[in-house]
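Read through the structure below, which is laid out as structure tokens, and then see the notes.
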Amino acid sequence: MPEHPENNEEYKGLVVNKGIEQPSSVNPYLKQRKVKKRELSVSDFVEGILKGSITILSRAVTLVESVKPEHQAVAQEVIEKCLPSSGKSVRVGISGVPGAGKSTSIDVFGLHVLERGGKLAVLAIDPSSERSKGSILGDKTRMEKLSVHPGSFIRPSPSAGSLGGVARKTRETIILCEAAGFDKIFVETVGVGQSETAVHSMVDFFLLIQLAGTGDELQGIKRGIMEMADGIVINKADGSNVDKAKLAATQFRNALHLFPAPDSGWTPQVLTYSGFYNIGVKAIWDMIDKYIDFVKANGYFEYRRNEQSKYWMYESINEKLKDNFYTNEKIKALLQEKERLVLNDGLTSFVAAKELLDTYFEELKCRLT
Ligand code: GDP
């Protein structure tokens, strides 16, 4: 039997087996990928975006969506530098309830738009993505043909934070996409209410996708959403559904007459189409084209963009202030107690709010002096 090594006096307790020689790299491409992922400077980002690099654009959007302050700092600088090269696109908001046919339509509609040249970015604002931890919009798998087109860039909804926060990030992403040469931007959202207002505040044309149903089509959509629409399109006008779709279109046209005339001077159009069978899709883009010419001629295009910039300035202030208040340690500690007092009738809502705000302002003053 061979002697156990520990019985040898020279044994040091540690044996290093020689092992086999390792290859320099298992996958030589890994090295290349690592190099690619190096940190980019602000000017690397800006240069890459202006050259139209999709890889760099995607990485910049990831920074925009990040909650890390150091990422935000870089993102804001990149956005600022891209701003002069932005603004030269047609921005279209597309909304509809789940199942209305948004992804089917955007796939076909997007290809139609790309046939005429240029580049198309599809972004999304999905208020449910925070809860579902996934996005039901702007997903590449939902737009099979468009996603493999070299002229397209599809990005799902940012998922962190409040609707206001998500919307701000999408608006910033629009700027980056435009600087990267995307001259058509679609912003998709689910037709459930608030998110439409956010999308409306960042697009030139708001398209509402509807379905023909049981005759009471107008029920269920809020008047406010209809008032926002520059165009209403009734999808699935195919097969035995064509007549129903036409009837729904008439009902929508009649309903639109009851609303006050929009500030743009444009009369919202109602069209029927079939995304699935690609019928009537061309007419939708023609309508948008006509609208853009119309509002550019009467000055409303410029006016709406300016109003939107103003709106986003105030939105950003509001968001930052709110965030600062609620993440304040002292406030965080006090909130529950005040809430309990309000619920037990120990304090009125107004007094509780005032006391919390006073504490917050006092804190700020102490920090400044
Ligand atoms: P989204 O949830 O709004 O994105 O809707 P989808 O695009 O996923 O479409 C929902 C369902 O409606 C799918 O089964 C589609 O195939 C179907 N669909 C979409 N467009 C049409 C259409 O023009 N005609 C018909 N018949 N079905 C359609």
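This is a predicted model, so every value here is computed, not measured. Atoms considered below: every heavy atom in the structure, side chains included; atoms not considered: hydrogens, waters and symmetry mates. Whatever order the structure lists ligands and atoms in, that order sets their numbers, starting from 1.
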Quick check on salt bridge (charged side-chain N to carboxylate O under 4.0 Å, His left out): which of Glu65, Glu188, Glu172 does Arg155 satisfy it with? Glu65

Give the minimum heavy-atom separation between Thr272 and Ala249, together with the two atoms involved. CG2-CB, 3.9 Å

For Ala198 and Met202, the nearest pair of non-hydrogen atoms, with its separation, is O-CE, 3.5 Å

Those atoms of ligand 1 less than 4.0 Å from some heavy atom in Ser103: 4 (O), 6 (P), 7 (O), 8 (O)

Do any nitrogen or oxygen atoms of Tyr277 come within less than 3.5 Å of a nitrogen or oxygen of ligand 1? no

Should Tyr277 and Ile234 be regarded as members of a common hydrophobic cluster, given that ILVMFWY residues are connected when their side-chain heavy atoms come within less than 4.5 Å of each other, either directly or indirectly? no

Among Gly275, Ala100, Gly99, Ala245, the residue with a heavy atom nearest to atom 10 (C) of ligand 1 is Gly99

Output the list of atoms in ligand 1 that are nearer than 4.0 Å to some heavy atom of Val97, sorted by atom number. 3 (O)

Between Phe276 and Lys236, is there a side-chain heavy-atom distance shorter than 4.5 Å? no

When only distance counts, is Thr104 in polar contact with ligand 1, meaning an N/O pair under 3.5 Å? yes

Could you tell me which atoms of ligand 1, counted from 1 in the order shown, lie closer than 4.0 angstrom to a heavy atom of Asp238? 22 (C), 23 (O), 24 (N), 25 (C), 26 (N)

Answer whether the closest heavy-atom distance between the side chains of Asp44 and Ser41 falls below 4.5 Å. yes

Is there at least one pair of N or O atoms, one from Lys102 and one from ligand 1, spaced under 3.5 Å apart? yes

Contacting atoms of ligand 1, where contact means under 4.0 angstrom from a heavy atom of Ser274: 22 (C), 23 (O), 24 (N)

As an exercise, identify every atom of ligand 1 less than 4.0 angstrom from a heavy atom of Pro98. 2 (O)

Please tell me if the side chains of Phe325 and Leu356 come closer than 4.5 Å, counting only heavy atoms from C-beta onward. yes

